[in-house]
Amino acid sequence: MNTHHLSIAVIGGGTMGAGITQLFASNGHRVKLIDIDTQVLSKAKLRISGELERLGFEKTNIEQVLSNIEWTNKIEEANSVSIIIEAVPEKIDLKMSVLNELESVCSPETIIATNTSGLSIDRLAKELAHPERFIGTHFFMPANVIPLVEVVKGAGTSEKTIEIVMTLLKDNNKKPVLIKKDIPGFIGNRIQHAMAREAISLLEQGVASAEDIDTVVRYSLGPRLLFTGPLEQRDLNGLDVHYHIASYLYEELENRTEPAQLLTEKVEAGELGIKTGKGFYDWNNHDAQSVLENKNAAILQLMKALKAME
């Protein structure tokens, strides 16, 4: 199946929507970026142009990518595309409203994907007349850099829809993984939150500083996880070894079902991280945009190195 001829509409011009638009437009797809707020569209254009420049694109190539994008505030203009990716904020009522509106302007054959990090696909599809063409796609930020996309099958999603979306993502240099059950948080966020819960608990208990806890993860688990996932690593270590360690360690691990008191206190105090100048770290002497850009550039270089190794 060749998906390079497919036209795409992205609904929502925020950070994620702009990243998804950049991904497909950079690979030659015609993309309609739709947002009701024209100022959001203007910011998205500047963001995409700036990101392409940082990635080393020549001016003529940047112009070519931007020419592949149509910027519009009219949702009805999604009626002519093959695939729609809805990327509005993670508010279930807003998403359902947008999805219902999309269904009213599109043909039954148009695939509609919702970009969500954990909302129920079946819940979002509840009022749709054609759930067979509806599917979840969880892009990871930045969407144009991180290879993985979780593709989430709903109860009514057809095999044809799954095949087209998986192939489209592969054709655009992504690594799609099919999530066969619609569970909260899917895979990535469940594992990420389990790790974060333990890390916050260790900080709360005074076991080590935030910097040292992060250093342990970055310079032990981090490099290894690039090449060996947690289940494969258990095989390499020996399941008997894991079993014996699990037998005494599991009861010591953090298993609260509510956010930690330390996290609650920080949120209530407005210490939300880099966007407010303080979180687990003090960010007051750092430029947030530069920090994020530098980390994204480093990730991109790492992804290029990994791809070359493959």
Answer with yes or no whether the hydrophobic clustering places I135 together with L178; edges join I, L, V, M, F, W, Y residues whose side-chain heavy atoms lie under 4.5 Å apart. yes
Polar contact flag, side-chain donor to acceptor under 3.5 angstrom, E90-T116: yes
For a quick test of your reading: what N or O donor-acceptor pairs under 3.5 Å do the side chains of residues 182-196 make, sequence neighbours left out?
unit_1	atom_1	unit_2	atom_2	d
D182	OD1	I121	N	3.2
D182	OD2	S120	OG	2.8
D182	OD2	I121	N	3.0
D182	OD2	D122	N	2.9
N189	OD1	Q192	NE2	2.9
N189	ND2	S117	O	2.9
R190	NH1	P184	O	2.9

Under 3.5 Å, is there a donor on one side chain and an acceptor on the other for E53 and S49? no
Sub-4.5 Å side-chain heavy-atom contact between E150 and L148: yes
Looking only at atom types and distance, does a side-chain atom of E204 sit under 3.5 Å from a main-chain N or O of Q261, one as donor and one as acceptor? yes
Nearest atoms (heavy-atom pairs only) where A78 meets C106: O-SG, 3.7 Å
Taking atom CZ as the centre, does R256 end up with more than 12 heavy-atom neighbours from other residues, nucleotides or ligands that are less than 6.0 angstrom away? yes
Between K32 and S80, is any pair of side-chain heavy atoms under 4.5 Å apart? yes
Note: R47 and A18 closest approach over all heavy atoms is NH1-CB, 3.9 Å
Looking only at non-hydrogen atoms, find the nearest pair between A208 and L203 and report the distance. O-CD1, 3.6 Å
Verify, without hydrogens or angle tests, whether T276 (side chain) and E271 (backbone) share a donor-acceptor contact under 3.5 angstrom. no
Find out whether W71 and V40 are in side-chain contact, i.e. whether some heavy atom of one side chain is under 4.5 Å from a heavy atom of the other. no
For residues I245 and Y248, determine if any side-chain heavy atom of one lies less than 4.5 Å from a side-chain heavy atom of the other. yes
Distance check, rounded to the nearest 0.5 Å: T114 atom OG1 versus L124 atom CG? 5.0 Å
Between T167 and I164 (side chain of the first, backbone of the second, donor and acceptor by atom type, cut-off under 3.5 Å), is there such a pair? no
Under 3.5 Å, is there a donor-acceptor pair between the side chain of N172 and the main chain of K174? no
Verify side-chain hydrogen bond (donor to acceptor under 3.5 Å, both in side chains) between T215 and E211, making sure each step is shown before the conclusion. CA-CA 6 Å; T215 296; E211 292 88 345; over 6 Å; no
What distance do L33 atom CG and N68 atom CG have between them, rounded to the nearest 0.5 Å? 13.0 Å
Minimum heavy-atom distance between I92 and R123, given as atom pair plus value: CD1-CG, 3.3 Å
Could you tell me which non-hydrogen atom of S26 sits nearest to which non-hydrogen atom of L52, and how far apart they are? OG-CD2, 3.8 Å
When rounded to the nearest 0.5 angstrom, what distance separates CG in L306 from CG in L226? 5.5 Å
F140 vs H138 aromatic rings, parallel, tilted or perpendicular, using cut-offs 30° and 60°? tilted
Quick check for you: to the nearest 0.5 Å, what is the distance between D235 atom CG and H242 atom NE2? 11.0 Å
Tightest non-hydrogen contact, residues G17 and V10, listed as O-CG1, 3.6 Å
So, S97 side chain and D93 main chain: donor-acceptor pair closer than 3.5 Å or not? no
Roughly how far, to the nearest 0.5 Å, is CD1 of I83 from CG of L168? 4.5 Å
At what distance, to the nearest 0.5 angstrom, does CG of L6 lie from CG of D171? 9.0 Å
Same apolar cluster: I36 and I84, side chain cutoff 4.5 Å: no
Backbone N or O of K278 within a donor-acceptor pair of the D282 side chain at under 3.5 Å? no
